[in-house]
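Here the structure comes first, spelled out in structure tokens, and everything after it is commentary.
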Amino acid sequence: MVRSRGAAVLAVAVLALSALSACGSGGSESPAPSGTEPRVLKLWHYESAESAMGKAWAEAIKKFEASHPNVKVEFEEKGFEQIQKTASMVLNSDEAPDLMEYNKGNATSGLLSKQGLLSDLSEEATKRGWDKLLPGGLQTTAKYDDRGVMGSGKWYGVPNYGEFVMVYYNKDLFAKHKVEVPATYEEFTAALDTFVKAGVTPLANAGAEYPAQQILYQLALTKAQKPWMEAYQLYKGRVDFHGPEFTYGAQTFADWVKKGYIAKNSAGLKAEDMGVAFMKGEFPMVISGSWWYGRFASEIKDFEWGHFLFPGAAMSPGSSGNLWVVPENSENKDLAYDFIDITMSKDIQNLLGNSGGVPVAADPGAITDEKSKELIETFNKLTAADGLAFYPDWPAPGYYDVLVAGVQNLINGSKTPAQVLDEIAGPYEDNLADLGN
């Protein structure tokens, strides 16, 4: 899960990684004095072990413990949904970890910063050079103002990778059904029709979590220009939920279900169900994020696969990656800062890049994996076009669940697109009023 418009700078950040890597050597050590009780760094994140980030963070733990001989990392893997729903409550208790991966954006990290639950990292960002490694657009999701709105203010998190939504496809199924990789939106829908006519549901989906709402948002983006996106995400103008963008997104999503592009039984499925089904070769395509890339590379053995940007859209959901945040209640903030520093080091960033992630501070010459190079090239293409549109659930607290319910109603056919748009408009407008907009 993400996630001023500095995406052009973001492209430069990824294209010129070598120029950035020198600042993130990650070496601040804080071992406890000899003879004292071992210290514990309590760490939570929700990356699977086979994902690019999961591999990189596992190696970072090893490097951290090697450089901090009297410190033990107590790692707990949490689910994305689990942290999403309980963060405010947990961080306001004595159960809070010292360091946690958390979703970026106004509705999540912005809300926690406004509630005083996150540590201000501004001083550390300057002292450790994170601000140099994360210039321009990469800082958009790291900074939040007093209202909890991203893009300016204090540092409350540190992202150390990029991410975006794309179309993954099964090359073997495309060849079997004589489908070419589509270059236009019309070719894309023609491909969907070809699979349906052959009795194959073309798109893996998950309505119970983030994937379905990201499809709806991507469809809306096919009718959107940058000012609309900035009005929706950054409150730079008013958004008409019955305007052409969201109307097209909701109506087309409902039509895709009726046409058989999306299975009606996907309303109750979770992201893991969707990803596993694609990895088993059960679906020709899945529209989802780069966070799957490393896992697909590791686990798909029975067919060839590839990816492409959603045809017909100048923008796609995406941003800098999720954030390392340090809870205000952390008792080991110095250790948390040291760990973040290690994840920004060249070794960890190179590993991230060669494992199917999009690093922000790697050595370009060290990225040797061909699949990883393809991913980074696509990210560069998207960011060079200033095409990162963040994620649909970011604008308002609790909006994730609102959108989940909305797309489930579209899949089930229990509400019309117009009714769903009314339901998602209400909480958005309420949040604007709370912000004084």
Side-chain angles (χ1 to χ4, degrees), residues 1-4 6 10 13 24 26 41-47 53 56-57 60 78 80 83-84 87-88 90-91 96-163 233-234 291 318-330 332-344 348-349 352 357-361 388 390-391 393-394 397 400:
M1 93 215 106
V2 314
R3 230 188 258 251
S4 67
L10 182 53
L41 174 68
K42 189 175 180 181
L43 168 67
W44 291 359
H45 73 66
Y46 43 74
E47 307 295 347
M53 285 70 72
W57 306 161
K78 302 291 184 179
F80 176 86
I83 293 181
Q84 179 92 1
S88 290
V90 171
L91 267 59
D98 298 304
L99 179 64
M100 181 175 81
E101 179 186 15
Y102 195 54
N103 198 12
K104 63 277 178 203
N106 302 341
T108 46
S109 292
L111 177 63
L112 295 189
S113 70
K114 185 171 66 172
Q115 293 174 336
L117 297 176
L118 301 182
S119 300
D120 177 2
L121 305 179
S122 303
E123 182 179 346
E124 294 296 322
T126 301
K127 183 172 71 174
R128 295 173 184 261
W130 302 335
D131 58 339
K132 301 296 191 302
L133 287 172
L134 300 165
L138 286 172
Q139 294 185 18
T140 299
T141 59
K143 292 181 174 181
Y144 297 86
D145 64 19
D146 292 342
R147 302 173 300 160
V149 177
M150 65 182 177
S152 65
K154 299 175 180 178
W155 286 69
Y156 284 102
V158 179
N160 42 32
Y161 63 97
E163 62 181 33
Q233 294 283 0
L234 301 174
W291 46 88
S319 71
S320 60
N322 289 319
L323 305 177
W324 288 123
V325 298
V326 179
E328 185 60 29
N329 285 344
S330 168
N332 296 289
K333 293 182 181 180
D334 59 323
L335 299 179
Y337 304 151
D338 285 356
F339 187 87
I340 294 172
D341 217 29
I342 287 175
T343 67
M344 298 295 284
I348 299 302
Q349 288 286 302
L352 177 66
V358 182
V360 296
L388 294 175
F390 305 131
Y391 294 94
D393 59 303
W394 283 14
Y400 179 92

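- Applying the ring-ring contact (aromatic ring centres under 6.0 Å, His included) criterion to Phe339, with sequence neighbours excluded, gives Phe64, Trp324.
- Legend: residues meeting salt bridge (Lys or Arg N to Asp or Glu O under 4.0 Å) with Lys114, ordered by chain and number and at least two apart, are absent.
- Note that OG of Ser113 and CG of Asp145 are 8.0 Å apart. Values are rounded to the nearest 0.5 Å.
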Practice task
Test side chain to side chain contact (heavy atoms under 4.5 Å, CB included) on Gln349 and Thr343 and set out the steps.
Solution key: CA-CA 7 Å; Gln349 288 286 302; Thr343 67; 5.6 Å; no
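- Side-chain atoms of Val326 and Leu118, non-hydrogen and from C-beta on, never get closer than 4.5 Å to each other.
- Atom CG of residue Asn160 and atom CG of residue Leu134 lie 7.5 Å apart, to the nearest 0.5 angstrom.
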Practice task
Apply side chain to side chain contact (heavy atoms under 4.5 Å, CB included) to Ser320 and Tyr161, showing your working.
Solution key: CA-CA 6 Å; Ser320 60; Tyr161 63 97; over 6 Å; no
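- Put simply, the side chain of Leu133 does not reach to within 4.5 Å of the side chain of Val360, judged on heavy atoms.
- Listed by chain and number, the residues in a salt bridge (Lys or Arg N to Asp or Glu O under 4.0 Å) with Asp120 amount to none (sequence neighbours excluded).
- In this view, Asn329 satisfies the side chain to side chain donor-acceptor pair (under 3.5 Å) rule with no residue, not counting sequence neighbours.
- The structure places OG of Ser152 at 11.5 Å from CD of Gln139, a figure rounded to the nearest 0.5 Å.
- Here Ile340 contributes atom CD1 and Leu335 contributes atom CG; the two are 11.5 Å apart, rounded to the nearest 0.5 Å.
- The OH atom of Tyr46 lies 3.5 Å from the CG atom of Asn322; values are rounded to the nearest 0.5 Å.
- With hydrogens and angles left out, the side-chain atoms of Trp130 and Asp341 include a donor and acceptor closer than 3.5 Å.
- Gln233 meets the side chain to side chain donor-acceptor pair (under 3.5 Å) test with Tyr217; sequence neighbours excluded.
- Under the 3.5 Å distance criterion, with hydrogens and angles disregarded, no donor-acceptor pair is assigned to the side chains of Tyr400 and Asn103.
- Looking at residues two or more places apart in sequence or on another chain, you find no salt bridge (Lys or Arg N to Asp or Glu O under 4.0 Å) involving Glu101.
- Taking the side chain as every heavy atom from C-beta outward, Trp44 and Leu99 never approach each other to under 4.5 Å.
- When the ring-ring contact (aromatic ring centres under 6.0 Å, His included) test is applied to Trp155, no partner is found at least two apart in sequence or on another chain.
- Looking only at side-chain heavy atoms (C-beta outward), Leu111 and Leu117 stay at 4.5 Å or farther from each other.
- For the side chain to side chain contact (heavy atoms under 4.5 Å, CB included) test, residues two or more places apart in sequence or in another chain that qualify with Thr126 are Asp131.
- In this structure, Ser88 and Leu112 have side chains that are in contact, with non-hydrogen atoms separated by less than 4.5 Å.
- Partners of Lys154 under the side chain to side chain donor-acceptor pair (under 3.5 Å) rule, at least two apart in sequence or in another chain, do not exist in this structure.
- Of the possible donor and acceptor atoms, none in the side chain of Tyr156 sits under 3.5 Å from a partner among the backbone N and O of Gly153.
- Side-chain contact check for Met150 versus Phe390: some heavy-atom pair is nearer than 4.5 Å.
- The side chain to side chain donor-acceptor pair (under 3.5 Å) test applied to Asp98 returns Ser330, Asn332, not counting sequence neighbours.
- Taking NZ of Lys333 as the reference point, atom CG of Leu121 lies at 9.0 Å (rounded to 0.5 Å).
- Residues passing the side chain to side chain contact (heavy atoms under 4.5 Å, CB included) test with Glu123, sequence neighbours excluded: none.
- When side chains are defined from C-beta on, Arg128 counts as touching Asp338, because their heavy atoms get closer than 4.5 Å.
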